[in-house]
Amino acid sequence: MQTGQIRYDLFADRHVIIAPQRMRRPDFPEAWPDLPDSAECPFCEGREDLTPPEIFALRDNTPPNTPGWRTRVVPNRFLALAVETPCRPVEAPATGEGYEGFGAHEILIDSPEHRFDPRLLRTRDARAWLWSLRERLRDLRQDNRLRYFALFKNHGRAAGASQPHPHTQIVAMPLVPAPALARLQRAHAWYKAHGQNPFDAAVREAGEGGRLIAESDRFALIAPYAPRFAYETVLVAKHGVPVALWEMDDPLLDEAAALYTALMRAAGAGMGDFPFNLTFNTPPAQPFGDEALWHELSYYWRFALTLSPRLYGAGGLEAAEGIPLNPVPPEAAARQLAETIKEYL
Ligand SMILES: [Zn+2]
């Protein structure tokens, strides 16, 4: 009988069980089995008056808050954090810490089109999206009280999205959240112990282990060794690329956008309009208390973007112990994607 494998991801500090024998015929759920109508959508072109006034837009000579844009950034209507709030601690019990809700929460509307389909993504749209994200981060970074940016995108009901119109969230915080800090510390410790960048090592090992999907001069697409989700893929920068999106120049964004587009189209070719989460591993934006961790960032960190398809619901073991069961070995996922992606590169 074929058994699975228990694998550990050093940086996520998480065990996963790779369990191919549990492979059901994948049903490839659709992102929006019941696509909410665009009639009421506040993110569609022509409804600019339904959002708070825009903070940023990529548009050609049209006035703010009117049609004629390619991307648009607005404050989140359900604001959890605001820059107007004082940045200071609040009284908390001895077993906790508390801060005022200082920060920023912005929504980047990726496109004027209501419907996103990975099979139809164009490089020019991916470039406009990355470019807009970079511009927002550059602007937010001018406030040196904002130390960390969480960047993420949810597509489809199974991925936790409630709004189908394609959008990306930017949450700027005055501190480095505990899980992000722990990842930085583990990567830094690995670098100290091995004398090399753990991301570079992961790309090399992906090449040796049959998990390299594609690469360009300065980016690689890999299936990680211990992926939490079936067909999880990481777009990771190689040596010499700035660790932060806000430091990248236009040619780098173009290269990343081209590889990202090819990945989306290849994944879509196999899985249709699949639900997914997309996360960036942004480094801290300002010094954050640990001198070595801050000054040595480029030695142990890299820009990376993780695509996590949400094809299967969480099982009981994941709910109880945080151990996901992944029915698709990353070696098999990489083989399939590497074959398909050739058509789109
Ligand atoms: Zn819409």
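Values in this document were obtained by computation on a predicted structure and should not be read as measured data. Each ligand, and each atom within it, is numbered from 1 in the order the structure gives.
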Set of residues satisfying salt bridge (Lys or Arg N to Asp or Glu O under 4.0 Å) with respect to Asp290, sequence neighbours excluded: none
Whether His194 and Trp190 hold their rings parallel, tilted or perpendicular, with breakpoints at 30° and 60°: parallel
Heteroatom count (protein N, O or S) under 2.8 Å of the Zn ion (ligand 1): 4
Residue pairs fulfilling salt bridge (Lys or Arg N to Asp or Glu O under 4.0 Å) with at least one residue in residues 179-194, sequence neighbours excluded: Asp13-Arg186, Lys192-Glu296
From CG (Leu293) to CG (Leu184), nearest 0.5 Å: 5.5 Å
Set of side chain to side chain donor-acceptor pair (under 3.5 Å) partners for Asp117, sequence neighbours left out: Arg119
Crowding at OH, Tyr225 (>12 non-hydrogen neighbours, <6.0 Å): yes
